[in-house]
> 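Before I ask anything, let me first share the structure, which is written out below as structure tokens.
This is a predicted model, so every value here is computed, not measured. Quick note on labels: first sequence line is chain A, next is B, and so on, each numbered from 1.
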Amino acid sequence: AQSVTQLDSQVPVFEEAPVELRCNYSSSVSVYLFWYVQYPNQGLQLLLKYLSGSTLVESINGFEAEFNKSQTSFHLRKPSVHISDTAEYFCAVSVGYQKVTFGTGTKLQVIP
Amino acid sequence: GAVVSQHPSRVICKSGTSVKIECRSLDFQATTMFWYRQFPKKSLMLMATSNEGSKATYEQGVEKDKFLINHASLTLSTLTVTSAHPEDSSFYICSARPTLRQRSSRAGTNTGELFFGEGSRLTVL
């Protein structure tokens, strides 16, 4: 079975500063990797995903994540955060089309 | 992207009553839908996998008789919390995965991607 670890439960960062949200996974087979974002009292929205091919994936709002197979990581980064990025971010993994396993989430708090 | 709608978004009920939450895929068909429960400061806990036309598959520790799931059509799954108690208060989120035959015809849905509803916050008094 696969699992996901998000070590940081909260990450405070000043506006316009860079940020990295860490995600590590474990699986004995190839996986699909996802980052979802959840704004208060809302459902989850897909931010970006890695399926195959280029190990660096980007979202439309400036986030990027890099799949590192040797380190079994899929950290999320943004070079300059905005207040509107304040939300909770979930890393997730699935094996093919099987059920998705989520990490415990990281709350990103952008400080003005 | 594909849209999944949940209703109601918020519900308050008295202890002992039953509450039904609907999850609809608005522009695609979903053979499989998933129901999650989200606790404060914790991750999403998968409760059950809802399969159209057959019984739901429940995760270990989830009471089948407490959380009734019905997947009556390819666009609708319902979760009924029966005889609700304050400890059932939570944020319930559904997700849907487009069926295989649609995956190749819609950009962004040919990867088994999950689409999430907006969530339903249940408060039991």
Side-chain angles (χ1 to χ4, degrees), chain A residues 1-11 21 23-25 29-54 57-61 67 87-109, chain B residues 1-10 21 23-25 30-51 56-60 90-100 102-103 108-123:
Chain A
Q2 65 270 21
S3 66
V4 181
T5 302
Q6 290 180 253
L7 289 174
D8 305 307
S9 59
Q10 285 189 320
V11 173
L21 305 184
C23 172
N24 289 87
Y25 70 93
V29 298
S30 296
V31 297
Y32 296 157
L33 293 158
F34 308 87
W35 274 100
Y36 286 88
V37 59
Q38 183 180 32
Y39 298 99
N41 292 313
Q42 293 186 26
L44 277 70
Q45 302 171 34
L46 182 66
L47 192 59
L48 45 76
K49 61 190 176 191
Y50 170 78
L51 305 175
S52 64
S54 173
V57 290
E58 299 177 352
S59 71
I60 57 174
N61 56 355
F67 169 58
E88 188 156 18
Y89 294 79
F90 291 91
C91 183
V93 62
S94 73
V95 175
Y97 299 142
Q98 302 306 310
K99 65 184 181 184
V100 178
T101 300
F102 288 87
T104 48
T106 299
K107 286 189 177 178
L108 174 62
Q109 185 181 9
Chain B
V3 178
V4 175
S5 176
Q6 258 184 265
H7 178 80
S9 58
R10 293 176 184 272
I21 302 170
C23 178
R24 293 180 184 273
S25 56
T31 305
T32 304
M33 292 185 176
F34 303 89
W35 286 97
Y36 292 84
R37 183 173 176 176
Q38 188 174 30
F39 296 93
K41 300 182 180 180
K42 291 188 178 181
S43 182
L44 285 80
M45 180 191 81
L46 179 64
M47 299 174 65
T49 302
S50 172
N51 303 298
T57 304
Y58 289 81
E59 296 299 302
Q60 192 173 10
S90 193
F91 195 55
Y92 294 87
I93 304 176
C94 75
S95 67
R97 173 171 283 148
T99 54
L100 275 170
Q102 286 191 299
R103 287 181 182 156
T109 61
N110 60 352
T111 59
E113 178 180 331
L114 283 179
F115 296 93
F116 285 83
E118 311 94 329
S120 300
R121 183 162 299 284
L122 170 63
T123 303

> Can you find a pair of side-chain heavy atoms, one from A:K49 and one from A:Y32, that are under 4.5 Å apart?
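Answer no - side chains too far apart.
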> Checking B:S9 against B:E118: is there a side-chain donor and acceptor pair closer than 3.5 Å?
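No, because no side-chain N or O of B:E118 sits under 3.5 Å from a partner of the opposite role on B:S9.
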> Can you tell me which portion of A:F90 sits under 4.5 Å from chain B's heavy atoms? Options are side chain, backbone, both or neither.
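Side chain of A:F90 only, per the 4.5 Å heavy-atom cut-off to chain B.
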> Under 4.5 Å from any heavy atom of chain B, what part of A:Y36 do you find: side chain, backbone, both or neither?
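For A:Y36, the side chain is the part near chain B, not the backbone.
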> Heavy-atom cut-off 4.5 Å, strictly under: side chain, backbone, both or neither for A:L44 against chain B?
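For A:L44, the contact with chain B is made by backbone and side chain together.
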> Nearest 0.5 Å please: distance from the CG atom of A:L47 over to the CG atom of A:N61.
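Interatomic distance, A:L47 CG to A:N61 CG, rounded to 0.5 Å: 5.5 Å.
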> Under a 4.5 Å heavy-atom cut-off, does chain B meet the side chain of A:Q45, its backbone, both or neither?
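Neither part, no heavy atoms under 4.5 Å.
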> For the residue pair A:Y89 and A:V11, establish whether any side-chain heavy-atom pair is separated by less than 4.5 Å.
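No, too far: nothing below the 4.5 Å cut-off.
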> Heavy-atom pairs under 4.5 Å with chain A: which of B:Q6, B:Q38, B:R121 has the most?
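The candidate making the most pairs under 4.5 Å is B:Q38.
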> Determine whether B:Y36 and A:V100 make a side-chain contact, defined as any pair of heavy atoms from C-beta on separated by less than 4.5 Å.
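The answer is yes; the side chains approach within 4.5 Å.
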